[in-house]
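Structure first, then comments.
All values derive from a computational prediction rather than experimental measurement.
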Protein chains: 2
Amino acid sequence: MKRNSRLSLALHTLGHMAGDPDRMRTSADIAEHAGTNPVVVRRVLGRLRKAGLLDAEKGHSGGWRLARPPQDITLADVYLALDESLIATMAEEDAPNCSVEHALHRKVSSVMEDIERSLIERLAATTIAEVK
Amino acid sequence: MKRNSRLSLALHTLGHMAGDPDRMRTSADIAEHAGTNPVVVRRVLGRLRKAGLLDAEKGHSGGWRLARPPQDITLADVYLALDESLIATMAEEDAPNCSVEHALHRKVSSVMEDIERSLIERLAATTIAEVK
DNA sequence: CGTCAAGTAACAATTCCGGTTGCGAATATC
DNA sequence: GATATTCGCAACCGGAATTGTTACTTGACG
Ligand code: FES
Ligand code: FES
């Protein structure tokens, strides 16, 4: 349901980087490769940097590089770094007095949490070094 | 203004209806109960009608009613009737020549499909008669 | 025939997201 | 030190999607 190209961009870039981990790439290079804008690249990759997946350096010969060996970065790491559940969360409780609404919310939320856990488990089984 | 308030509205209404299945409710009643607009209600419930979950009748003493006993309507029925996956689908393939993108897409899509199946399975285990 | 309610189309308001521009901060090269 | 390069960040624009609203048509009931 989510219309989000951020995960695609992040995975694509990391998958590319995994093929030559020592090379430094600028946001302009990455943007051209991915068909988007350097600022968008920095927005997305910035979250991966804060999560410790990437390092960024400014100035001449600066750019982006993997912060860890590619076989130590799983798809779940990327998913969690972006902090945007692909699983829709239920709306918050509006009518706390009604048992129907309460039971529904609890039920659906519980299912969603299980599903999200399961998704992360599945994503954690693959590293970006395996997707080339 | 939450994205995806349709499922909430649908489940809330059906849960309410399950408590007194024979009573006929107008979209105006339902809208007031749910804090929204009658047209919105008809939009959402119309999908459930097309899926065979609800019956609607026009004119005097018309309105909405469950088409089946509440214990025969599962949360999965509602979810599928609305046809809006809570699970994000991967973007389309843009670079068919690149093995990295292709492998990524296949991997993530496969995980997502499994997760969606699992979600429907979980939702199918609960009927709207059980959430009161 | 008159009333009520669903069905539907059209439009406005809101939100979300990617794209874009601009500028400041940091760092390498000269 | 001056200059060029690159990230960081804030602000804004434009398109897409969703919800709310108005208005009208269709059909059923008394
Ligand atoms: S890694 Fe980008 S198109 Fe192949
Ligand atoms: S508030 Fe609607 S069924 Fe309780």
Side-chain angles (χ1 to χ4, degrees), chain A residues 1-13 17 23-67 81-86 88-92 94, chain B residues 1-10 12-13 17 23-67 82-86 88-92 94:
Chain A
M1 162 247 162
K2 207 68 182 283
R3 66 282 198 200
N4 216 347
S5 64
R6 282 183 288 208
L7 182 61
S8 294
L9 173 58
L11 288 178
H12 178 185
T13 303
M17 286 175 159
R23 175 171 154 211
M24 202 63 128
R25 287 152 224 261
T26 68
S27 57
D29 291 341
I30 297 167
E32 190 184 5
H33 180 83
T36 181
N37 190 287
V39 179
V40 174
V41 170
R42 290 200 286 269
R43 270 205 286 244
V44 174
L45 267 44
R47 312 193 75 153
L48 306 185
R49 177 176 52 78
K50 282 171 187 155
L53 272 48
L54 287 177
D55 285 332
E57 282 172 22
K58 295 182 179 179
H60 273 283
S61 73
W64 300 84
R65 194 165 30 193
L66 294 180
L82 293 180
D83 192 29
E84 51 181 34
S85 39
L86 296 181
T89 55
M90 276 305 270
E92 50 278 353
D94 273 352
Chain B
M1 319 313 187
K2 276 290 187 180
R3 172 149 53 265
N4 217 15
S5 65
R6 283 185 289 214
L7 183 61
S8 293
L9 173 57
H12 178 185
T13 304
M17 285 175 159
R23 177 173 152 208
M24 203 61 129
R25 287 153 225 260
T26 68
S27 57
D29 291 341
I30 298 166
E32 190 185 7
H33 181 82
T36 181
N37 190 287
V39 179
V40 175
V41 170
R42 290 201 286 270
R43 272 207 286 248
V44 173
L45 298 192
R47 298 193 165 209
L48 306 185
R49 178 177 52 78
K50 282 170 187 156
L53 271 48
L54 287 177
D55 285 332
E57 281 173 23
K58 295 182 177 179
H60 275 282
S61 73
W64 300 84
R65 193 164 34 192
L66 295 179
L82 293 181
D83 192 30
E84 51 179 37
S85 39
L86 269 53
T89 55
M90 275 307 268
E92 288 316 301
D94 274 351

Between side-chain atoms of residues 40-57 of chain A and protein atoms elsewhere (two or more places apart, or another chain), which donor-acceptor pairs fall under 3.5 Å?
{"unit_1": "A/Arg42", "atom_1": "NH1", "unit_2": "A/Ser27", "atom_2": "OG", "d": "2.8"}
{"unit_1": "A/Glu57", "atom_1": "OE2", "unit_2": "A/Arg65", "atom_2": "NH2", "d": "3.4"}

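One can place CD of B/Glu84 at 16 Å from C1' of D/dA16, the figure rounded to the nearest angstrom. Rounded to an integer number of Å, the gap from B/Arg43 CZ to C/dA9 P is 11 Å. Atom CD of A/Glu32 is separated from atom P of C/dG19 by 15 Å (rounded to the nearest Å). The interatomic distance linking B/Met24 (CE) with D/dC29 (C1') rounds to 12 Å, in whole Å. Rounding to whole angstrom units, CG of residue A/Leu82 and C1' of C/dC16 are separated by 17 Å. Atom pair A/Arg23:CZ and D/dT6:P shows a separation of 13 Å (rounding to whole Å applied). When the P atom of C/dA6 is taken as reference, atom CG of B/Asn37 falls 12 Å away, rounded to whole Å. Rounding to whole angstrom units, CG of residue A/Leu9 and P of C/dG18 are separated by 9 Å.
The side chain of A/Arg6 lies closest to C/dC17, out of C/dC17, C/dT21, D/dC29. When the nucleotides D/dA23, C/dA28, C/dT21 are ranked by their closest atom to the side chain of B/Val39, D/dA23 comes out on top. With distances taken from any side-chain atom of B/Ser27 to the nucleotides C/dA10, C/dA6, C/dG18, the minimum falls on C/dA6.
Distance check, rounded to the nearest 0.5 Å: CG of A/Leu82 to CG of A/Leu9 gives 9.0 Å. Atom CZ of A/Arg25 sits about 8.0 Å away from atom CG of A/Leu66, to the nearest 0.5 Å.
Taking every heavy atom of both residues into account, A/Ala28 and A/Pro38 meet most closely at CA-CG, 4.1 Å. Between A/Trp64 and A/Ile30, the shortest heavy-atom distance links the atoms CD1-CD1, 4.2 Å.
Listed pair A/Ser61 / C/dT27 fails the phosphate criterion, with no side-chain N or O lying under 4.0 Å from OP1 or OP2. Distances shorter than 4.0 Å separate none of the side-chain N or O atoms of B/Thr26 from OP1 or OP2 on C/dA5. Side-chain nitrogen and oxygen atoms of A/Thr36 include none within less than 4.0 Å of the OP1 or OP2 phosphate oxygen of C/dG18. The shortest distance between the side-chain N/O atoms of A/Arg42 and the OP1/OP2 oxygens of D/dC7 is below 4.0 Å.
The stretch residues 50-58 of chain A touches DNA chain D through A/Ala56, A/Glu57, A/Lys58, each having a heavy atom within less than 4.0 Å of the strand.
Side-chain N or O atoms of B/Ser5 include none that pairs as donor or acceptor with a backbone N or O of B/Ser8 at under 3.5 Å.
Between the side chain of B/His60 and the base of C/dT3, a donor-acceptor pair under 3.5 Å is found.
Residue-to-nucleotide proximity on DNA chain D shows that, of A/Arg49 and A/Gly59, the 5′-proximal contact is made by A/Gly59.
Among residues two or more places apart in sequence or in another chain, the ring pair (Phe, Tyr, Trp, His ring centres under 6.0 Å) test is passed with B/His60 by none.
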